Peer 1: 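I have a structure I would like to understand better, so I am pasting it below and will then ask my questions one at a time.
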Amino acid sequence: MTLSPKVTPMKRRNDPDRSEPVYFFGTCLMDAVYPDAGMAAIRLLRSQGVKVIFPPDQSCCGQPAYNSGFSREARAVARKQIRVFSKPYPVIVPSGSCAGMMKHHYPALFAGTPDEADARRFSERVYEWSEFMARVLAVKLVDQGEPLTITWHSSCHALREMDVIRYSKALLRQLKNVTLVELERETECCGFGGTFAVKQPAISAAMVKDKIDDIRRSGATTLVAGDCGCLMNITGAMEHAGVAIAGKHLAEFLWERTNGK
Amino acid sequence: MGNESTFDFEHNIADALDDGQLRKNLRKAMDILVDKRRAVFPDIAYLDQLRSAGNAIKRRALKQLPRLLEQLETNCIKNGIQVHWAEDTTEANNIVLEILRRHDSRDIVKGKSMVSEEMHLNHFLEENDIEAIETDLGEFIIQLNHETPSHIIVPAIHKNKDEVAAIFHDKIPDTPYTEDVEELTAIARRVLRKRFAAAKVGLSGVNFAIAETGTLLLVENEGNGRMCTTAPDVHVAVMGLEKVIEKLSDVPPLLRLLTGSATGQIITTYVNMITSPRRAGEKDGPKEVHLVILDNGRSRMLADPEFRQTLLCIRCGTCLNHCPVYVRIGGHAYGHVYPGPIGKILTPQMEGLERAGVLATASSLCGACGEVCPVKIPIPDLIRRLRHESYDQDGSAVVAGGGYKKNLAETLVWKGWELVNRSPVFNEMGTRLAGKIGKRLPKVGPLKKWTRVRTSPKVARTSLHERARNEGVKDE
């Protein structure tokens with residue numbers, strides 16, 4: 001699939017004004033494994049003059065339990081997030097997968113429960129981070145880094161549920177010293193799939209192996225992705241296989257490039 | 001495919017992943033099918049509209065299914081087609097056998113039919129001393145090799161040309177070895193012509209059964225389907241009861257979706273519309289046409305508003321072609337008649353979760369299947385639902401074998417997960433603890449599986465929660 005490189009950042013009627021504060025949902029993976037990426041995402045929002053609120057009682061979107069057959073537990077954790085992010089500010093999520101869960105699956109998860117209406121209202125406020133940066137804030141990035149060839153991994157949920165890949169790529173394409181080489185099978189899953197990776201480890205392993213072969217063939221020295229789950233899977237497999245290609249979350253990569261690191 | 005009673009998914013997966021030739025054949029074939037589909041549907045917006053139309057037509061049919069089936073029966077009978085109802089595959093098999101016996105037939109020529117696979121008809125007939133002859137080229141190849149279909153549209157897709165050449169040479173008497181596709185096709189044709197000429201009874205599937213007119217619609221590319229339905233004196237069509245559609249005008253969008261999604265064709269070489277046996281004064285065509293309508297668990301699916309969507313399926317197979325799991329393990333690994341994403345939702349509902357629920361674990365929920373489904377079945381959502389039914393934590397399961405995976409250990413893990421993620425104090429403690437001991441965690445259980453091909457996740461010393469607090473990113 002070719003994804004349109006041209007994006008006209010268009011503000012939509014319901015989009016918030018940039019003077020409004022935003023909530024930041026840090027995701028459980030960023031919290032524990034990728035806090036640098038989380039901080040970079042927050043700093044880039046702040047660099048646009050946006051007030052960022054980080055409710056300390058936030059945790060996980062609930063997707064791990066939801067996809068594993070444990071709706072009740074997923075609902076309890078999701079309800080907690082809806083309560084914690086209760087004011088009518090946009091909720092910015094630096095992951096297509098968690099954003100997809102909160103935007104597209106919460107209404108179904110709470111269907112027929114007393115929280116259904118709250119869940120729907122919450123879902124309407126959810127934005128994936130790169131979409132918010134590119135479309136709503138229409139950021140202008142100034143590349144400070146050395147020439148570099150990178151490749152990009154599209155997470156399945158950013159691609160198919162959130163449909164935000166064009167925004168992520170639009171941000172990357174603003175970096176004048178960065179050459180983006182696309183993967184041959186960009187739209188194919190990396191094999192993470194949350195608990196899938198450990199419930200069907202052999203299939204998952206075959207998928208991630210093919211993914212890193214594709215990344216190798218691209219000739220890139222850095223892999224950029226917008227989802228920490230995929231990133232953890234792919235970089236873990238690359239490191240295990242002795243492939244010397246760095247993996248970075250989009251926010252962290254953009255922060256470093258625009259701050260001369 | 002192995003024996004279903006000894007279905008060992010893990011073992012099948014390991015074997016398939018180790019088979020380099022199989023994986024090469026599958027990847028090459030799936031790439032071709034995916035490219036052809038993309039070429040025939042270049043306009044994404046138009047395709048989306050067409051898929052919505054397909055979804056609406058099939059939903060409308062399901063909504064009035066009992067009435068449409070009755071109408072189909074009435075109109076078929078009016079047209080001279082004999083209609084038989086089968087609640088399960090045993091009944092369906094016996095209906096076919098009875099027809100064969102009545103005509104004193106010792107063999108039957110078969111066009112491609114997944115419902116006949118679902119019935120395990122060939123095996124059943126063999127036990128009753130009747131030879132079933134597969135006439136679709138792909139089916140012919142795998143029947144020679146004593147295999148079952150590995151794909152619902154292209155049953156021998158796991159074989160390459162050289163392997164087919166070897167099978168023909170080994171299994172068809174007096175056949176010189178050749179890798180020439182034209183010659184191979186000519187060999188199959190030569191063998192099959194004789195069988196068509198001699199057979200008294202032919203069998204086919206049904207792609208769409210039109211209630212309004214009592215018409216059976218059948219698409220194919222080789223002409224063998226037309227031979228099976230016209231050359232013998234008796235034609236038996238078998239169909240799942242979800243194949244009925246309301247009216248003739250429903251056909252064009254569905255046909256476009258079916259052939260485009262399945263093989264990337266605007267239309268197939270043959271489109272057969274069968275509305276009656278040979279009429280008085282006509283020189284050819286079968287003297288008898290029978291329609292066997294099979295339930296086999298379908299009306300149970302229909303009863304659930306979410307699972308009902310399984311019955312929207314028009315069996316195009318494009319979800320298999322786009323599936324990152326199917327392309328790596330192929331159809332036989334799934335151990336049942338219907339493989340791939342559609343098989344993952346169909347089989348557990350037909351066979352029960354205890355026998356086939358494990359299929360629902362073989363998905364990363366990447367969404368590729370749902371994205372291409374011509375009738376917009378939310379396959380990932382139904383896979384997820386089957387996972388819930390497998391544990392049935394709230395006692396609401398509707399699929400047979402619901403709750404078969406329920407166990408205290410896993411329940412406690414998720415209860416613990418819930419507690420940590422609901423309580424900020426536990427959450428922070430947990431992340432801190434993981435940061436301190438993460439590297440020294442013993443590689444057992446899930447972590448052992450993870451680290452087979454990956455390094456362990458590196459838990460940060462300072463969590464994002466702490467970092468945000470330290471840098472003055474506050475709550476309001």
Side-chain angles (χ1 to χ4, degrees), chain A residues 21 24 26 28 30-36 38-39 42 52-57 59-60 62 64-73 76-77 80 87 108 156-157 160-161 187-189 191-194 196-209 232-233 236-237 239-241, chain B residues 10 13-14 17 38 324-325 328-329 361-368 370-371 381 384 387-391 393-394 405 411 414-415 417-418 420-422 424 427 431 434-435 445-447 449-460 462-469 471 473-476:
Chain A
F24 189 80
C28 58
M30 270 197 174
D31 189 44
V33 184
Y34 296 96
D36 288 339
M39 281 318 299
I42 292 172
V52 180
I53 303 164
F54 189 96
D57 289 359
S59 56
C60 168
Y66 180 60
N67 284 352
S68 302
F70 291 80
S71 270
R72 211 165 29 183
E73 289 75 9
V77 169
K80 175 83 183 170
K87 289 183 184 155
C156 295
H157 297 164
R160 300 193 181 92
E161 289 185 351
T187 59
E188 188 169 276
C189 178
F192 176 59
F196 168 76
V198 292
K199 292 210 171 178
Q200 287 294 351
I203 304 173
S204 173
M207 287 165 75
V208 74
K209 183 185 180 299
M232 190 169 83
N233 180 42
E239 200 172 73
H240 193 271
Chain B
E10 201 181 325
I13 289 167
L17 290 172
R38 194 180 297 143
V325 175
R328 288 178 175 84
I329 65 174
T361 64
S363 169
S364 65
L365 300 179
C366 77
E371 186 182 36
D381 291 343
R384 189 185 294 108
R387 292 180 183 177
H388 285 270
E389 299 254 321
S390 299
Y391 292 99
Q393 296 290 90
D394 55 3
K405 273 173 104 173
T411 304
W414 288 110
K415 279 280 163 218
W417 169 89
E418 179 198 323
V420 166
N421 283 291
R422 270 175 63 189
N427 192 9
T431 317
L447 193 60
K449 290 175 179 159
W450 177 268
T451 52
R452 228 177 266 165
V453 297
R454 307 169 192 85
T455 52
S456 293
K458 290 168 196 60
V459 182
T462 316
S463 72
L464 181 62
H465 273 77
E466 277 184 84
R467 296 274 303 274
R469 200 162 48 219
E471 295 198 22
V473 193
K474 296 197 184 83
D475 198 2
E476 258 195 339

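Remember, predicted model here, so these are calculated numbers, not experimental data. Each chain gets a letter, A, B and so on, in the order the sequences are listed, and its residues count up from 1.
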Peer 1: What verdict does the side-chain contact (heavy atoms from CB on, under 4.5 Å) test give for A:Phe54 and B:His465, after you've listed the backbone C-alpha separation in whole Å, the side-chain angles of each residue and the deciding distance to 0.1 Å?
Peer 2: CA-CA 8 Å; A:Phe54 189 96; B:His465 273 77; 3.9 Å; yes
Peer 1: Does a donor on one side chain and an acceptor on the other come within less than 3.5 Å for A:Asn67 and B:Arg387?
Peer 2: no
Peer 1: B:Leu365 versus chain A, heavy atoms under 4.5 Å apart: side chain, backbone, both or neither?
Peer 2: both
Peer 1: Roughly how far apart are B:Trp450 CH2 and A:Phe192 CZ, rounded to 0.5 Å?
Peer 2: 5.0 Å
Peer 1: Check the pair B:Cys366 / A:Met207 against side-chain contact (heavy atoms from CB on, under 4.5 Å), numbers first and verdict last.
Peer 2: CA-CA 12 Å; B:Cys366 77; A:Met207 287 165 75; over 6 Å; no
Peer 1: Which bit of B:Asn427 comes within less than 4.5 Å of chain A, counting heavy atoms only: side chain, backbone, both or neither?
Peer 2: side chain
Peer 1: Do you know which of A:Gly193, A:Ser59, A:Ala205, A:Cys189 has the most heavy-atom pairs under 4.5 Å to chain B?
Peer 2: A:Ser59
Peer 1: May I ask you to test the B:Leu464-A:Phe24 pair for a side-chain heavy-atom distance under 4.5 Å?
Peer 2: yes
Peer 1: Which bit of B:Glu466 comes within less than 4.5 Å of chain A, counting heavy atoms only: side chain, backbone, both or neither?
Peer 2: neither
Peer 1: Just verifying a value: how many Å separate A:Lys199 NZ and B:Ser364 OG, rounded to the nearest 0.5 Å?
Peer 2: 14.0 Å
Peer 1: Looking at B:Gly435, B:Pro446, B:Gly445, B:Gly370, which makes the most heavy-atom pairs under 4.5 Å with chain A?
Peer 2: B:Pro446
Peer 1: For each of A:Gly62, A:Gly191, A:Pro21, A:Cys28, tally heavy-atom pairs with chain B at distances under 4.5 Å, and name the one with the top tally.
Peer 2: A:Gly62
Peer 1: Against chain A, label B:Thr411 side chain, backbone, both or neither, depending on which of its atoms sit under 4.5 Å from a heavy atom there.
Peer 2: both
Peer 1: Return the minimal non-hydrogen interatomic distance between A:Pro64 and B:Trp417, and the atom names on each side.
Peer 2: CD-CZ2, 4.2 Å
Peer 1: In terms of heavy-atom pairs under 4.5 Å, which option from A:Ala65, A:Gly194, A:Ala197, A:Ala202 contacts chain B the most?
Peer 2: A:Ala65
Peer 1: Against chain A, label B:Arg328 side chain, backbone, both or neither, depending on which of its atoms sit under 4.5 Å from a heavy atom there.
Peer 2: side chain
Peer 1: With sequence neighbours left out, what residues match B:Arg422 under side chain to side chain donor-acceptor pair (under 3.5 Å)?
Peer 2: B:Glu418
Peer 1: Select one option (side chain, backbone, both, neither) describing which atoms of B:Ser390 are under 4.5 Å from chain A's heavy atoms.
Peer 2: neither
Peer 1: Show the nearest heavy-atom pair for residues A:Gly69 and B:Gln393, with the distance to one decimal.
Peer 2: O-CG, 4.2 Å
Peer 1: Any idea which heavy atoms bring A:Pro56 and B:Asp475 closest together, and the distance?
Peer 2: CD-CB, 3.6 Å
Peer 1: In terms of heavy-atom pairs under 4.5 Å, which option from B:Arg467, B:Lys449, B:His388, B:Glu10 contacts chain A the most?
Peer 2: B:His388
Peer 1: Between atom CG of B:Asn421 and atom CG of A:Asp57, what is the distance when rounded to the nearest 0.5 Å?
Peer 2: 12.0 Å
Peer 1: Other residues, nucleotides and ligands only: do more than 12 of their heavy atoms fall within 6.0 Å of NZ on B:Lys415?
Peer 2: yes
Peer 1: Pick one of side chain, backbone, both or neither for A:Lys87, based on which atoms fall under 4.5 Å of a heavy atom in chain B.
Peer 2: side chain
Peer 1: Tell me, side chain or backbone of B:Ala14 under 4.5 Å from chain A's heavy atoms, or both, or neither?
Peer 2: neither
Peer 1: With sequence neighbours left out, what residues match B:Lys458 under salt bridge (Lys or Arg N to Asp or Glu O under 4.0 Å)?
Peer 2: A:Glu239
Peer 1: Using a cut-off of under 4.5 Å on heavy-atom pairs, state which of A:Gln200, A:Lys80, A:Arg160 scores highest against chain B.
Peer 2: A:Arg160
Peer 1: Checking B:Ala434 against chain A: side chain, backbone, both or neither under 4.5 Å from a heavy atom?
Peer 2: neither
Peer 1: Contact part of A:Ile203 toward chain B, heavy-atom cut-off under 4.5 Å: side chain, backbone, both or neither?
Peer 2: both
Peer 1: Just say parallel, tilted or perpendicular for the rings of B:Tyr391 and A:Phe70, cut-offs at 30° and 60°.
Peer 2: tilted
Peer 1: What distance separates A:Met232 CE from B:Ser456 OG, expressed to the nearest 0.5 Å?
Peer 2: 10.0 Å
Peer 1: Report the option among A:Gly26, A:Gly38, A:Ser71 that has the most heavy-atom pairs separated by less than 4.5 Å from atoms of chain B.
Peer 2: A:Ser71
